[in-house]
Peer 1: 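One structure, pasted below without further comment.
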2 protein chains.
Amino acid sequence: MTHTHDQALRSSGLRVTKPRLAVLDAIGSRPHADTNGVLAAVRVELPAVSHQAVYDCLNALTEAGMLRRIQPAGSVARYELRVGDNHHHVVCRTCGAVADVDCSVGDAPCLTASEHHGFEIDEAEVVYWGTCPDCSTA
Amino acid sequence: MTHTHDQALRSSGLRVTKPRLAVLDAIGSRPHADTNGVLAAVRVELPAVSHQAVYDCLNALTEAGMLRRIQPAGSVARYELRVGDNHHHVVCRTCGAVADVDCSVGDAPCLTASEHHGFEIDEAEVVYWGTCPDCSTA
DNA sequence: GCGTTTTCTTGAATGAGTCAAGTAAGGACG
DNA sequence: CGTCCTTACTTGACTCATTCAAGAAAACGC
């Protein structure tokens, strides 16, 4: 695990540091964690990390393409390991819970906007809004 | 214009006030404006409105379904008049510009998530990420 | 090891958005 | 038209995620 992340960091041209490995581990085991959750998880291993270090790691790893940042309206930033499967997210309007869903229409159609106003589009992000099972029953 | 908004407010059970009419006018003429932009536009007509009043109006109107709030990752909240056409947005990664795009796959398919984890889904939001014409050339 | 570069620590600042208490305005009803 | 109750607005303080800045520490090529 750690060794895998180790290599991934090197091949992205990033230095291998304890905070970065801990951040990757934290997000691997808690997908959709927010910055505070990551910070808490990282501090289990490394009690002395600063919050700034975690912000820096999250930004560096996101920029390098190893993490994906998701930020539904009204929510703080959340992170997940970037995987190549083009999945999307369902968000609960009540409690903010996030779950993964596969792309409903395949990969290619998602990138096809009918009228793109001259924009060069490189990604289509889909967020499904609704109510999670727990909030439905309550 | 004002008269139309007047009736729309009444039929949503909201009182008709100057700040609300001004907010609706502002967003009608500047789609995708953020809160500060709305505040500035409103103060052209009503120099004395408080920022809190604008926040309250935006929340009330959004809750009543007259406005749609859009908030792409890394951006502050933006608003547009809610129209029934299920359109989506392209966002420029560089400058944050927002433009409308029609739904590429029609209305119904957008709401079909293949595996919904028990969520009751009521809306699908699509954000296309890319680079706007201005930022492409620069 | 040595030195350079990147990353982390520390501490303060920014800014969108919210909270709370009191005043003002909307509008139903007489 | 005037009264009264309710909803909306004003004022001002506050929260909290995120960023900025300067110096210390760690990574890693040589």
Side-chain angles (χ1 to χ4, degrees), chain A residues 2-3 5-24 26 32-43 45-64 66-67 69-79 96 98, chain B residues 2-3 5-24 26 32-43 45-64 66-67 69-79 96 98:
Chain A
T2 298
H3 189 57
H5 290 155
D6 196 293
Q7 293 193 318
L9 284 167
R10 281 179 212 282
S11 59
S12 294
L14 293 173
R15 290 186 179 173
V16 179
T17 69
K18 287 174 189 167
R20 284 177 181 172
L21 293 171
V23 163
L24 288 170
H32 310 140
D34 61 15
T35 308
N36 257 314
V38 174
L39 182 56
V42 166
R43 282 187 173 158
E45 290 292 313
L46 303 170
V49 255
S50 61
H51 74 137
Q52 187 61 55
V54 170
Y55 273 99
D56 284 351
C57 290
L58 290 170
N59 286 331
L61 296 171
T62 301
E63 220 162 294
M66 300 181 63
L67 296 182
R69 172 187 281 127
I70 58 182
Q71 198 170 1
S75 169
V76 298
R78 295 165 173 274
Y79 296 86
V98 177
Chain B
T2 297
H3 189 57
H5 290 154
D6 196 292
Q7 293 194 317
L9 284 167
R10 282 178 211 280
S11 58
S12 294
L14 294 173
R15 288 187 180 171
V16 179
T17 68
K18 287 175 190 168
R20 286 176 180 173
L21 292 171
V23 164
L24 288 169
H32 310 138
D34 61 15
T35 307
N36 257 313
V38 173
L39 182 56
V42 166
R43 283 188 172 155
E45 289 292 314
L46 303 169
V49 255
S50 61
H51 75 136
Q52 188 61 55
V54 170
Y55 274 100
D56 286 351
C57 290
L58 291 170
N59 286 331
L61 296 171
T62 301
E63 220 162 295
M66 299 181 63
L67 295 181
R69 171 187 284 126
I70 57 181
Q71 197 170 1
S75 169
V76 297
R78 295 166 174 274
Y79 296 86
V98 176

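In what follows, chains are A, B, ... by sequence order, proteins preceding strands, each numbered from 1.
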Peer 1: Nearest heavy atom decides the nucleotide; on that basis, is B:Val16 or A:Cys57 closer to the 5' end of DNA chain C?
Peer 2: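 Closer to the 5' end of DNA chain C: A:Cys57.
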Peer 1: Would you mind writing out the side-chain donor-acceptor pairs for residues 33-42 of chain B within the sub-3.5 Å range, not counting sequence neighbours?
Peer 2:
residue, atom, partner, partner atom, Å
B:Asp34, OD1, B:Asn36, N, 3.3
B:Asp34, OD1, B:Gly37, N, 2.7

Peer 1: For DNA chain C, determine which residues of residues 45-55 of chain B have any heavy atom closer than 4.0 angstrom to one of its atoms, and list them numerically.
Peer 2: B:His51, B:Gln52, B:Tyr55
Peer 1: Any salt bridge (charged side-chain N to carboxylate O under 4.0 Å, His left out) pairs touching residues 12-21 of chain B, not counting sequence neighbours?
Peer 2: none
Peer 1: Taking any heavy-atom pair under 4.0 Å as a contact, classify A:Asp34: base, sugar-phosphate, or nothing.
Peer 2: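 The residue A:Asp34 makes no contact with any strand.
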Peer 1: Considering residues at least two apart in sequence or located in another chain, which fulfil the side chain to side chain contact (heavy atoms under 4.5 Å, CB included) criterion with A:Ala8?
Peer 2: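 Listed in chain order: A:Met66.
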Peer 1: Under 4.0 Å from any heavy atom of chain B: name the first and the last nucleotide of DNA chain C that qualifies, 5' to 3'.
Peer 2: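 With heavy atoms of chain B under 4.0 Å away, the range is C:dA16 to C:dG27.
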Peer 1: Identify, between A:Arg15 and B:Ala77, the residue whose nearest nucleotide on DNA chain C lies closer to the 5' end.
Peer 2: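 Result: A:Arg15.
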Peer 1: First locate atom CG of A:Leu24, then atom CG of A:Leu61, and finally report the distance between them rounded to the nearest 0.5 Å.
Peer 2: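 Interatomic distance, A:Leu24 CG to A:Leu61 CG, rounded to 0.5 Å: 5.0 Å.
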Peer 1: Shoot me the first and last contacting nucleotide of DNA chain D against chain B, ordered 5' to 3', at under 4.0 angstrom to non-hydrogen atoms.
Peer 2: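 On DNA chain D, the outermost contacted nucleotides are D:dT6 to D:dG12.
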Peer 1: Could you tell me which residues satisfy side chain to side chain donor-acceptor pair (under 3.5 Å) with A:Arg78, sequence neighbours excluded, listed by chain and number?
Peer 2: A:Ser75
Peer 1: Over all strands shown, is A:Ala60 touching base, sugar-phosphate only, or nothing at heavy-atom distances under 4.0 angstrom?
Peer 2: nothing
Peer 1: A:Arg10: which residues meet the salt bridge (charged side-chain N to carboxylate O under 4.0 Å, His left out) condition with it, sequence neighbours left out?
Peer 2: A:Asp6
Peer 1: Taking only residues two or more places apart in sequence, or in another chain, which ones meet B:Gln52 in a side chain to side chain donor-acceptor pair (under 3.5 Å)?
Peer 2: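 With neighbours one apart ignored, the set is B:Asp56.
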Peer 1: Could you work out how much the helix from C:dG1-D:dC30 to C:dG30-D:dC1 bends, comparing the axis of its first five pairs with that of its last five, to 10°?
Peer 2: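 Comparing the first five pairs with the last five, the axes sit 40° apart.
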